[in-house]
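Below: the structure, in structure tokens.
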Amino acid sequence: MKINVIINNQPTELETLYDEFLADTLRRYGFLSVKKGCDTGSCGLCTVWLDDKPVLSCSTLSVRANGKNITTIEGVQEEANEFAYFLVNEGAEQCGFCSPGFIMTVLALKREMENPTEEDIIHYLTGNLCRCTGYLGQLRAVKKYLGVE
């Protein structure tokens, strides 16, 4: 079946199966920054924005995206690079496998919340898993990026 979406501000027609998940469709079309880690919606590696809200693309059917805007990290490169600077400075980048999904979630947090507390940040990022870090470096980077101390 064909669906019409806007991916990173580009109108696009995608061919998808009725039961195919968005992560699989996007990866098939070359959006390899959309990682697959758990296929259960538990790790956050597959996070993309659907109409500017973060969603787990491994548990979102592609047909649900029909007529909507999809944003991957390729569509927010300037903001992503800005935040990546903070990750590197705090020694929190590690292997980088989780970075695209994590960064998409952090950027969504910045757009959605003004002056979040540390507890707000931790709650917002709870669904993003990283196997390399103890999260303290990431938390420091997010707080510095958001200007929260």
Side-chain angles (χ1 to χ4, degrees), residues 1-114 116 120-135 137-139 141-146:
M1 90 181 338
K2 293 183 190 299
I3 61 171
N4 293 298
V5 296
I6 298 172
I7 303 177
N8 302 328
N9 298 316
Q10 295 291 113
T12 307
E13 183 178 84
L14 303 175
E15 184 71 38
T16 184
L17 301 172
Y18 71 94
D19 61 349
E20 185 174 37
F21 290 106
L22 189 55
D24 297 314
T25 303
L26 291 172
R27 288 184 61 77
R28 192 163 31 82
Y29 278 87
F31 295 95
L32 301 180
S33 69
V34 180
K35 306 290 189 214
K36 293 182 66 183
C38 67
D39 285 331
T40 63
S42 300
C43 72
L45 283 134
C46 65
T47 302
V48 299
W49 297 347
L50 196 57
D51 285 344
D52 295 324
K53 298 290 183 194
V55 298
L56 300 171
S57 63
C58 77
S59 58
T60 302
L61 289 172
S62 296
V63 295
R64 303 248 359 227
N66 191 36
K68 299 187 185 226
N69 292 307
I70 300 169
T71 307
T72 67
I73 201 163
E74 292 89 354
V76 289
Q77 284 184 353
E78 189 174 313
E79 292 172 83
N81 286 336
E82 181 184 343
F83 176 61
Y85 170 82
F86 288 87
L87 280 174
V88 170
N89 282 341
E90 293 302 323
E93 79 284 2
Q94 300 296 321
C95 82
F97 191 71
C98 68
S99 293
F102 180 73
I103 291 171
M104 291 301 289
T105 304
V106 170
L107 297 180
L109 165 65
K110 183 178 181 183
R111 291 172 181 225
E112 289 181 26
M113 298 181 92
E114 283 188 37
D120 292 333
I121 294 168
I122 291 169
H123 179 73
Y124 200 95
L125 299 175
T126 296
N128 290 89
L129 299 180
C130 175
R131 298 192 193 297
C132 297
T133 70
Y135 298 105
Q138 289 177 330
L139 182 59
V142 171
K143 288 171 65 176
K144 286 183 179 180
Y145 176 66
L146 297 176

Does any N or O in the side chain of [X] come within less than 3.5 Å of the main-chain N or O of [Y], such that one atom is a donor and the other an acceptor?
| X | Y | answer |
| --- | --- | --- |
| Tyr145 | Leu87 | no |
| Asp51 | Asn69 | yes |
| Ser57 | Leu22 | no |
| Asn4 | Gly67 | no |

Do the non-hydrogen side-chain atoms of [X] and [Y] ever get within less than 4.5 Å of each other?
| X | Y | answer |
| --- | --- | --- |
| Ile70 | Leu50 | yes |
| Pro54 | Tyr124 | yes |
| Thr60 | Val48 | no |
| Leu125 | Phe102 | yes |

Task: Lys110/Glu79 salt bridge by N-O under 4.0 Å criterion - done: no
Evaluate whether atom [atom1] of [X] has more than 12 neighbouring non-hydrogen atoms of other residues, nucleotides or ligands under 6.0 angstrom away.
| X | atom1 | answer |
| --- | --- | --- |
| Lys143 | NZ | yes |
| Asn9 | CG | no |
| Glu13 | CD | yes |

Open item on the list: Assess the residue pair Leu32 and Arg27 against the criterion (side chain to side chain contact (heavy atoms under 4.5 Å, CB included)); give the C-alpha distance rounded to whole Å, side-chain angles, the decisive distance to 0.1 Å, and a yes or no.
Closed with: CA-CA 5 Å; Leu32 301 180; Arg27 288 184 61 77; 4.0 Å; yes
Open item on the list: Show the nearest heavy-atom pair for residues Cys95 and Cys132, with the distance to one decimal.
Closed with: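 Looks like SG-SG, 3.6 Å.
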Task: Shortest non-hydrogen separation from Gly37 to Cys43 and the atoms involved - done: CA-SG, 3.9 Å
Would you give the length of the straight line joining atom [atom1] of [X] to atom [atom2] of [Y], rounded to the nearest 0.5 angstrom?
| X | Y | atom1 | atom2 | value |
| --- | --- | --- | --- | --- |
| Thr105 | Asn128 | OG1 | CG | 4.0 Å |
| Arg64 | Ile3 | CZ | CD1 | 12.0 Å |
| Cys130 | Leu45 | SG | CG | 9.0 Å |
| Ile73 | Lys35 | CD1 | NZ | 9.5 Å |
| Tyr18 | Leu61 | OH | CG | 10.5 Å |
| Ile121 | Gln138 | CD1 | CD | 12.5 Å |

- [ ] Determine, stepwise, if the pair Thr47 / Leu56 fulfils side chain to side chain contact (heavy atoms under 4.5 Å, CB included).
- [x] CA-CA 5 Å; Thr47 302; Leu56 300 171; 3.6 Å; yes
- [ ] Kindly determine whether Gln94 and Arg131 satisfy side chain to side chain contact (heavy atoms under 4.5 Å, CB included), including the steps that lead there.
- [x] CA-CA 9 Å; Gln94 300 296 321; Arg131 298 192 193 297; over 6 Å; no
Open item on the list: Checking side-chain polar atoms at under 3.5 Å, does Glu20 have a donor or acceptor matched by the opposite partner on Ser62?
Closed with: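 Side-chain D/A pair, Glu20 to Ser62: absent.
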Task: Modelled atom types, side-chain donor and acceptor of Asn81 and Tyr85, under 3.5 Å - done: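 No pair is found: no donor N or O on one side chain lies under 3.5 Å from an acceptor on the other.
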Open item on the list: Go through it in stages, so that I can follow the logic: the residues are Thr72 and Glu74, the test is side chain to side chain donor-acceptor pair (under 3.5 Å), and I'd like the CA-CA distance, side-chain angles, deciding distance and then a yes or no.
Closed with: CA-CA 5 Å; Thr72 67; Glu74 292 89 354; 2.4 Å; yes
- [ ] Only one of Leu146, Ile103, Val76 passes side chain to side chain contact (heavy atoms under 4.5 Å, CB included) with Phe83; say which it is.
- [x]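 In the set Leu146, Ile103, Val76, the residue that makes a side chain to side chain contact (heavy atoms under 4.5 Å, CB included) with Phe83 is Ile103.
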- [ ] Run the numbers on Trp49 and Asn8 for side chain to side chain contact (heavy atoms under 4.5 Å, CB included), then give the verdict.
- [x] CA-CA 10 Å; Trp49 297 347; Asn8 302 328; over 6 Å; no
